[in-house]
Chemist: 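Shown below is the structure under consideration.
Given the structure is predicted, the values throughout are model-derived calculations rather than measurements. Every number for a ligand or one of its atoms is a count from 1 in the order of the listing. Residue numbers run from 1 in the order of the sequence given.
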Amino acid sequence: MTSRQHNVGQIRPRRLRVNAAVRAMVAETSVEPRQLILPVFVAEGLSEPRPISSMPGVVQHTLDSVRKVASQAAEAGLAGIMLFGIPEHKDAVGSGALEPAGILNTAIRAVRAEVGDATLVMSDVCLDEFTDHGHCGVLTAGGVIDNDATVEIYAQMAVLHAEAGAHLVAPSGMMDGQVRAIRAALDQADQADIGIMAYGAKYASAFYGPFREAVSSSLQGDRKTYQQDPANVRESLREVALDVAEGADLIMVKPALGYLDVLAAVRAAVDIPVAAYNVSGEYSMIEAAAANGWINRKAAISEALTSIKRAGADVILSYWALEVATGVPR
Ligand code: PBG
């Protein structure tokens with residue numbers, strides 16, 4: 001018997017990989033601009049955009065340049081942009097966060113005026129960009145996080161963001177009860193249509209390293225008393241269930257690449273849209289390897305985002321969002 005006869009009728013999965021057309025036909029996952037969100041930094045008092053050295057290609061924007069990038073996001077068909085504000089002056093209670101004319105509220109207003117409803121304007125509801133100690137909340141006299149006082153501030157921040165024009169607010173501080181308090185405050189302020197993208201499962205991760213430079217953070221120590229332990233996944237399901245019960249409209253898992261199991265578990269557990277944040281360290285590792293010629297940059301970006309999608313993300317926040325959507329490398 002020849003080997004050819006021996007193989008008659010053999011099942012061959014490779015038939016669905018023989019050329020690009022058949023591979024495209026059977027691809028189970030694709031990354032689409034409409035599901036991508038671009039995180040953007042806006043700094044107070046800048047006269048021109050300032051590069052972030054640990055995130056090649058990412059900058060702190062001026063109010064002018066952020067309008068421009070927002071309109072590019074709209075043109076590229078992105079889901080939206082997520083705004084982070086960096087005030088010139090930080091203090092212990094993060095007062096800048098509650099100033100209607102503060103940098104983040106001003107940026108939200110400017111961007112919303114620019115894009116209208118063409119792309120979604122989203123805002124970070126957290127204090128770490130505004131506090132001089134760099135924590136995500138205010139501290140007690142003893143120097144530990146004051147959860148409930150922080151949540152009250154988040155609720156006021158969320159209302160200010162909504163009034164400035166945010167379509168969605170994104171509480172990222174991992175304080176207990178933050179989603180419930182924000183939902184109540186928005187509803188009381190006649191902002192029932194403003195949704196909450198809740199950072200439900202957010203880990204205390206070393207992969208936020210470059211972000212600390214991006215927001216000129218002065219954090220000493222870590223966030224382990226409020227962000228989650230990377231060892232845990234059941235805890236994420238508990239956190240996520242609480243956020244859903246408290247009124248989250250979308251739920252986020254963060255970081256993304258090291259937490260694809262968490263993402264898949266969360267996707268299976270809830271029936272609201274799930275977002276994943278492809279964080280700064282994930283970005284910078286690929287950029288650094290590519291800059292050294294150790295990795296194919298474009299292919300690595302595509303594989304990273306596809307993997308996040310495959311694991312269960314409906315929506316992805318990524319610093320590559322605009323590049324991926326337009327196909328124009330930075
Ligand atoms: C907190 C916040 C952080 C990130 C997004 N929101 C930093 C942190 O929790 O320490 C990190 C994002 C990234 O690393 O890309 N406001």
Side-chain angles (χ1 to χ4, degrees), residues 36-43 52-60 81-87 90 94 96-97 102-104 107 122-138 145 150-151 153-154 157-158 161 166 168-175 178 182 196-230 239 251-259 275-288 301 304-305 308 313 315-322:
L36 294 175
I37 298 168
L38 180 70
V40 167
F41 306 103
V42 193
I52 299 162
S53 62
S54 57
M55 299 180 75
V58 180
V59 300
Q60 290 183 347
I81 73 171
M82 177 70 72
L83 290 165
F84 294 91
I86 302 127
K90 305 189 184 212
I103 182 62
L104 183 50
M122 311 180 191
S123 60
D124 186 53
V125 177
C126 197
L127 283 176
D128 66 309
E129 296 92 344
F130 297 92
T131 54
D132 54 11
H133 46 70
H135 276 292
C136 294
V138 292
I145 286 283
T150 300
V151 165
I153 298 173
Y154 288 172
M157 273 182 92
H161 293 183
L168 286 168
V169 294
S172 64
M174 289 298 284
M175 297 299 143
Q178 61 185 16
I182 288 170
I196 301 175
M197 180 184 291
Y199 287 63
K202 179 176 177 182
Y203 288 85
S205 173
F207 293 96
Y208 307 151
F211 179 94
R212 304 275 160 88
E213 183 197 344
V215 300
S216 311
S217 171
S218 34
L219 180 70
Q220 304 285 322
D222 58 54
R223 307 195 196 287
K224 290 181 185 170
T225 71
Y226 41 106
Q227 298 180 348
Q228 290 178 239
D229 184 341
E239 282 281 3
I251 198 87
M252 193 198 298
V253 173
K254 177 185 177 185
L257 289 174
Y259 297 83
Y277 199 138
N278 176 215
V279 300
S280 59
E282 298 170 348
Y283 173 90
S284 298
M285 284 194 300
I286 288 179
E287 290 291 344
I301 293 169
L305 297 181
I308 295 167
V315 174
I316 303 175
L317 292 93
S318 174
Y319 301 98
W320 290 302
L322 202 49

Chemist: What I want to check is whether the side chains of Gln60 and Ser216 have a donor and an acceptor closer together than 3.5 Å.
Modeler: yes

Chemist: Would you mind telling me if ligand 1 is within reach of the side chain of Val215, the backbone, both or neither, using heavy atoms under 4.0 Å?
Modeler: neither

Chemist: Quick one: do the Ser172 and Asp124 side chains pair a donor with an acceptor below 3.5 Å?
Modeler: yes

Chemist: Between Asp128 and Arg223, is a salt bridge (Lys or Arg N to Asp or Glu O under 4.0 Å) present by the stated rule, with each step listed?
Modeler: CA-CA 10 Å; Asp128 66 309; Arg223 307 195 196 287; 3.5 Å; yes

Chemist: Out of all atoms in ligand 1, which are within 4.0 Å of some heavy atom of Asp128? Include the element for each.
Modeler: 1 (C), 16 (N)

Chemist: Ignoring hydrogens, just give me the one of Tyr226, Phe211, Tyr203 whose non-hydrogen atom is nearest atom 12 (C) of ligand 1.
Modeler: Phe211

Chemist: Non-hydrogen atoms of Lys202 versus ligand 1: any pair closer than 4.0 Å?
Modeler: yes

Chemist: Where is the nearest protein heavy atom to atom 8 (C) of ligand 1: which residue, which atom, and how far?
Modeler: Arg223 NE, 3.4 Å

Chemist: If you count the atoms of ligand 1 from 1 in the order shown, which ones are under 4.0 Å from a heavy atom of Glu129?
Modeler: 16 (N)

Chemist: What is the closest protein heavy atom to atom 5 (C) of ligand 1, and at what distance does it sit?
Modeler: Lys254 NZ, 2.4 Å

Chemist: When you compare the side chains of Glu287 and Trp320, does any donor N or O come within less than 3.5 Å of an acceptor on the partner?
Modeler: yes

Chemist: Which distance, rounded to the nearest 0.5 Å, do you find between the CD1 of Ile37 and the CG of Leu168?
Modeler: 7.5 Å

Chemist: Think Lys224 forms a cation-pi with Tyr203, using NZ or CZ under 6.0 Å from the six-ring centre and within 45 degrees of its axis?
Modeler: no

Chemist: For atom 14 (O) of ligand 1, what's the nearest protein heavy-atom neighbour? Residue, atom name and distance, please.
Modeler: Ser280 OG, 2.7 Å

Chemist: Looking only at the side chains, is there a donor atom on one of Ser53 and Glu213 sitting less than 3.5 Å from an acceptor on the other?
Modeler: yes

Chemist: Using a 4.0 Å cutoff against the non-hydrogen atoms of Tyr319, which atoms of ligand 1 qualify?
Modeler: 12 (C), 13 (C), 15 (O)

Chemist: Compute the minimum heavy-atom distance from Tyr283 to ligand 1 and say whether it is under 4.0 Å.
Modeler: no

Chemist: Considering the heavy atoms of Gln227, write down every atom of ligand 1 situated less than 4.0 Å from one of them.
Modeler: 8 (C), 9 (O), 10 (O)

Chemist: Which class fits the ring pair Tyr277 and Phe84: parallel under 30°, tilted 30 to 60°, perpendicular over 60°?
Modeler: tilted

Chemist: With a cut-off of 4.0 Å, which atoms of ligand 1 are near a heavy atom of Arg212?
Modeler: 8 (C), 10 (O)

